[in-house]
Protein chains: 2
Amino acid sequence: MTLTTAEENYLKAIYHLSNGGTKSVSTNDVAAEIKTKAASVSDMLRKLGDKEVIEYRKYYGVNITEEGKKRALQTIRKHRLWEVFLVEKLQFAWDEVHEVAEELEHIQSPLLIQRLDSYLNFPKFDPHGDPIPDEYGDVRARPRLALNEMDIDQSGQIVAVKDSSAAFLKYLDKVGAYIGARIKVLDKVEFDGSMEILVDQKKTLFMSKDVAANILAIQS
Amino acid sequence: MTLTTAEENYLKAIYHLSNGGTKSVSTNDVAAEIKTKAASVSDMLRKLGDKEVIEYRKYYGVNITEEGKKRALQTIRKHRLWEVFLVEKLQFAWDEVHEVAEELEHIQSPLLIQRLDSYLNFPKFDPHGDPIPDEYGDVRARPRLALNEMDIDQSGQIVAVKDSSAAFLKYLDKVGAYIGARIKVLDKVEFDGSMEILVDQKKTLFMSKDVAANILAIQS
DNA sequence: TCTTATTTTTAGGTAAGACTAAAATGCTAA
DNA sequence: TTAGCATTTTAGTCTTACCTAAAAATAAGA
Ligand SMILES: [Mn+2]
Ligand SMILES: [Mn+2]
Ligand SMILES: [Mn+2]
Ligand SMILES: [Mn+2]
């Protein structure tokens, strides 16, 4: 059964909000994510329930089904592959790709995605460090932790961002934080959770807890 | 003013049917081209008329306006650039690109198209030999004539196909006709208009008048 | 427990884009 | 000039995806 563009967007939102299908999601949460009204979401949930990509119990939120997870991951795969294409081949900045990928992800052509994947050399991560599911929907997730959860003197490497908004990414560009950067926690202020980070063994960066919470790293 | 995907498709159809805006187009012609019913076309013509991309006089068909021509050419530009991308970069065959380009042409992002154009090295023609309008909608058209209009002993080069259907393109692949091939008319049968063509000074090709009429060449 | 507050659903509407059937218009040939 | 045919438009429906307002269900606090 095929999903419309709107249905794909809803399903993807539910997948993300449910943390990859590990918890149920409320109507209002979906409404906020999709930027639509709760009444519209109720409508759509009934339809997605009929198509059996979610399990819908009125008034109790939704859970994504195995089939739904598979579908959502297909869309996410396409989204992320297109993001890689835009950055690697068309010189888009990492803060410019999201809206365009949001449209491109709905193009229907298995051959296109297969060829794109191969053309990009089977990338494993998108420009924001998020893993790209394979064609069966399998994701090889790395253990990642937010910078604000690291302790003083710990070292690691930035591998992803939690917030992909243009505003946040532009800020990271400005201060010189990027995916792949080697980091070390120099200081952590008890009072407000702000941090001092050494980047690439040369540059010192001060950041609020809010910023730190949106940068993901692996420890080393 | 922005056009919907459906409106872009209609406008493009009208542009093509009107021979680039040189003649008016009937409701039924549009219906046949879009594969929809005349009643649906009437509806849409009213809408396109309101948006002033066509001039619509009930019962007398439509003429595309200057603004409409510009919009249609933007869509055609995007369609053909994507076709080049699919063939040159993703190894699609020339008979596999049309449907996908029909979707890709509606992605809204001027930056995307500008970058794609540059990435493809500013191609002037698509995989079927059709010219790619520049960003202002200017097309540098080559004088082309159908093979069936050439006389015995005339030489030339295949530059485009009139019919881009998969069936026709696959047939050309099979018999070894391709864009860029050097040709010479060896014989032309009075009775049915079928022709004998020498390709690349070595291969002889027999083709019906129907086939010949769908291959475009420049004389030399 | 009972009464509010919050969340969610339902009811009813709109707009786009398709359809069928019926009516209107234009064209052609007698 | 007009009857009949072909073309086109209108009228009335349908589906998808959104909306607002009102009703219903659930959750929370006294
Ligand atoms: Mn999307
Ligand atoms: Mn991303
Ligand atoms: Mn199209
Ligand atoms: Mn083409």
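In what follows, every chain begins at residue 1, and chains take the letters A, B, ... in the order their sequences are listed. It should be emphasised that the depicted structure is a prediction, and the values quoted were computed from it without experimental measurement.
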Please tabulate, for the side chains in residues 206-213 of chain A, all donor-acceptor contacts under 3.5 angstrom to protein atoms that are two or more places apart in sequence or on a different chain.
from: A/Ser208; atom 1: OG; to: A/Asp210; atom 2: N; distance (Å): 3.4
from: A/Ser208; atom 1: OG; to: A/Val211; atom 2: N; distance (Å): 3.2

**Request:** For nucleotides 9-25 of chain D, just jot down a letter per nucleotide in 5' to 3' order: B, S or -, based on protein non-hydrogen atoms under 4.0 Å.
**Result:** BB-----SSBBBB---S

**Complete:** Contact check, residues 11-20 of chain B vs DNA chain C, heavy-atom distance under 4.0 Å, returns none

Contacts table for residues 158-168 of chain A: side-chain donor-acceptor under 3.5 angstrom, sequence neighbours left out:
from: A/Asp163; atom 1: OD1; to: A/Ser165; atom 2: N; distance (Å): 2.7
from: A/Asp163; atom 1: OD1; to: A/Ser165; atom 2: OG; distance (Å): 3.0
from: A/Asp163; atom 1: OD2; to: A/Ser165; atom 2: OG; distance (Å): 3.4
from: A/Ser165; atom 1: OG; to: A/Phe168; atom 2: N; distance (Å): 3.3

Return all side-chain donor-acceptor pairs below 3.5 angstrom for residues 111-119 of chain A, not counting sequence neighbours, or 'none' if the list is empty.
from: A/Arg115; atom 1: NH1; to: B/Leu90; atom 2: O; distance (Å): 2.9
from: A/Arg115; atom 1: NH1; to: B/Gln91; atom 2: O; distance (Å): 2.8
from: A/Asp117; atom 1: OD2; to: A/Arg77; atom 2: NH2; distance (Å): 3.2
from: A/Tyr119; atom 1: OH; to: B/Tyr119; atom 2: OH; distance (Å): 2.2

**Request:** Report the residues that fulfil side-chain contact (heavy atoms from CB on, under 4.5 Å) with A/Ala39, sequence neighbours left out, ordered by chain and then residue number.
**Result:** none

**Request:** Determine which pairs satisfy side chain to side chain donor-acceptor pair (under 3.5 Å) with at least one residue from residues 10-24 of chain B, sequence neighbours left out, and list them in order.
**Result:** B/Lys12-B/Glu102, B/Lys12-B/Glu105

**Prompt:** For D/dT8, does OP1 or OP2 lie under 4.0 Å from any side-chain N or O of B/Asn28?
**Reply:** yes

**Fill in**
The complete set of side chain to side chain donor-acceptor pair (under 3.5 Å) pairs with one or both residues in residues 42-63 of chain A, sequence neighbours excluded, reads A/Glu7-A/Lys51

**Request:** Examine distances only and state if a side-chain atom of A/Glu103 and a backbone atom of B/Gln108 form a donor-acceptor pair shorter than 3.5 Å.
**Result:** yes

**Message:** Suppose the criterion is salt bridge (Lys or Arg N to Asp or Glu O under 4.0 Å): which pairs have a residue in residues 64-74 of chain A, not counting sequence neighbours?
**Reply:** A/Glu66-A/Lys69, A/Glu67-A/Lys70, A/Glu67-A/Arg71

Expected list for residues 130-151 of chain B: side-chain donor-acceptor pairs under 3.5 angstrom, two or more places apart:
from: B/Asp134; atom 1: OD1; to: B/Tyr136; atom 2: N; distance (Å): 2.8
from: B/Asp134; atom 1: OD1; to: B/Gly137; atom 2: N; distance (Å): 3.0
from: B/Asp134; atom 1: OD1; to: B/Asp138; atom 2: N; distance (Å): 2.9

**Non-neighbouring partners of B/Ser194 that pass side chain to side chain donor-acceptor pair (under 3.5 Å), sequence neighbours left out** = B/Asp192

**Asked** chain B on DNA chain C: first and last contacting nucleotide, 5' to 3', under 4.0 Å to a heavy atom?
**Response** C/dA16 to C/dG26

